[in-house]
> 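My questions all concern the structure below.
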Amino acid sequence: MGEIVFWTILRTAFLIFLLWISKDVWGEKYFWLIVSLSFYLFVISPAISFYRKFVEKNKEVLESSLCSSCKHFDESAVLCMKYDKHPTKDFIPCEGSAWEPK
Ligand code: SF4
């Protein structure tokens, strides 16, 4: 999840820079339309797409793993807060020994 936020911020900064240096090319009439479209195409849409892939990739861990019912599990980052590791469907950092109900 942090990777998605990082790349979204980076794309936003790069896009703002590109729009800033090219603001005189389009003129005022279409500037806000181009800003809106470019933000949707290069920032919002990729972020949504990467988030959907992230959720799909971690679906099993989020819905049916031991960690999903543990109070130490952070669903937004798919992270065990106690061990600071990412559980997967084949890897549970504590191997069940530190599980506590939510
Ligand atoms: S303590 Fe164990 S069961 Fe709980 S989230 Fe961490 S690895 Fe998963």
Side-chain angles (χ1 to χ4, degrees):
M1 189 68 158
E3 195 176 326
I4 295 170
V5 173
F6 172 78
W7 284 108
T8 300
I9 290 169
L10 207 64
R11 275 194 306 274
T12 303
F14 184 68
L15 185 61
I16 288 171
F17 176 72
L18 273 181
L19 289 169
W20 182 70
I21 62 170
S22 61
K23 65 180 184 286
D24 295 329
V25 174
W26 306 300
E28 286 184 26
K29 190 175 180 185
Y30 298 108
F31 184 72
W32 291 110
L33 178 67
I34 289 167
V35 167
S36 304
L37 273 176
S38 56
F39 263 93
Y40 178 77
L41 290 175
F42 298 109
V43 177
I44 296 169
S45 182
I48 291 170
S49 175
F50 285 124
Y51 180 73
R52 284 185 181 150
K53 284 180 188 169
F54 170 80
V55 169
E56 188 62 36
K57 182 180 157 193
N58 293 295
K59 191 175 182 181
E60 217 168 297
V61 177
L62 289 167
E63 291 177 357
S64 59
S65 71
L66 182 67
C67 295
S68 66
S69 61
C70 179
K71 78 173 191 179
H72 302 294
F73 186 60
D74 178 3
E75 292 174 0
S76 66
V78 191
L79 179 73
C80 170
M81 306 282 273
K82 187 166 185 164
Y83 289 87
D84 196 26
K85 290 186 177 175
H86 295 280
T88 64
K89 66 177 186 176
D90 301 321
F91 172 66
I92 295 174
C94 75
E95 296 179 349
S97 63
W99 179 86
E100 290 182 58
K102 284 184 181 174

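For reference, positions follow the sequence shown, starting with 1. As the structure is a prediction and not an experimental result, all values here were calculated from the model.
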> Does Lys85 have more than 12 heavy atoms from other residues, nucleotides or ligands lying within 6.0 Å of its NZ?
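Open: at most 12 neighbouring heavy atoms sit under 6.0 Å from NZ of Lys85.
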> Is there a continuous path of hydrophobic side-chain contacts, each under 4.5 Å between heavy atoms, that joins Tyr30 to Val35?
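Yes, same cluster.
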> Going only through I, L, V, M, F, W and Y residues with side-chain contacts under 4.5 Å, is there a path from Leu15 to Ile21?
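No, it is not one cluster - the side chains of Leu15 and Ile21 are not joined through contacts under 4.5 Å.
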> Using the rule that two of Ile, Leu, Val, Met, Phe, Trp, Tyr join whenever any of their side-chain heavy atoms come within less than 4.5 Å, decide whether Ile34 and Val25 are in one cluster.
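Yes.
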> Quick one: does Tyr51's side chain get under 4.5 Å of Val5's, heavy atoms only?
no
> If every non-hydrogen atom of Leu19 is compared with every non-hydrogen atom of Phe31, which pair is closest and at what distance?
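Answer, listing the atom of Leu19 first, then Phe31: O-CE1, 4.2 Å.
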> Taking atom CD1 of Ile16 and atom CZ of Phe39, what is their separation to the nearest 0.5 Å?
4.5 Å
> Is there a donor-acceptor pair closer than 3.5 Å between any side-chain N or O of Ser49 and the backbone N or O of Ser45?
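Checked: no pair found.
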> How close do Leu66 and Gly96 get, counting heavy atoms only, and between which atoms?
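Minimum heavy-atom contact is CD2-CA, 3.6 Å.
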> Taking atom CZ as the centre, does Phe14 end up with more than 12 heavy-atom neighbours from other residues, nucleotides or ligands that are less than 6.0 angstrom away?
no
> Is there a continuous path of hydrophobic side-chain contacts, each under 4.5 Å between heavy atoms, that joins Trp20 to Val43?
no
> Counting only heavy atoms not in Tyr40, do more than 12 fall under 6.0 Å of its OH?
no
> Between atom NZ of Lys57 and atom NZ of Lys89, what is the distance when rounded to the nearest 0.5 Å?
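NZ of Lys89 is found 12.0 Å from NZ of Lys57.
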> More than 12 heavy atoms of other residues, nucleotides or ligands under 6.0 Å from CD of Glu95: yes or no?
no
> Which pair of non-hydrogen atoms, one from Cys80 and one from Phe73, has the smallest distance, and what is that distance?
N-CD1, 4.5 Å
> As an exercise, state the distance from SG of Cys67 to NZ of Lys82, rounded to the nearest 0.5 Å.
12.0 Å
> Do you know which two heavy atoms are closest between Val55 and Leu62, and how far apart they sit?
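Shortest heavy-atom separation between Val55 and Leu62 comes out as O-CD1, 4.4 Å.
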> Looking at Tyr83 and Pro93, what are the two nearest heavy atoms and their distance?
CB-CB, 4.1 Å
> Establish whether Val78 and Trp7 are linked, either directly or via other cluster members, by ILVMFWY side-chain heavy-atom contacts under 4.5 Å.
no
> What's the spacing between Leu37 CG and Ile44 CD1 if we round to 0.5 Å?
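Separation between the atoms: 10.5 Å.
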> When rounded to the nearest 0.5 angstrom, what is the spacing between CG in Asp74 and CG in Asp84?
10.5 Å
> Please find the pair of heavy atoms, one from Arg11 and one from Phe50, that lie closest to each other, and give the distance.
NH1-CE1, 3.9 Å
> Indicate yes or no for a side-chain donor-acceptor contact from Lys102 to the backbone of Ser68 under 3.5 Å, with no hydrogens or angles considered.
yes
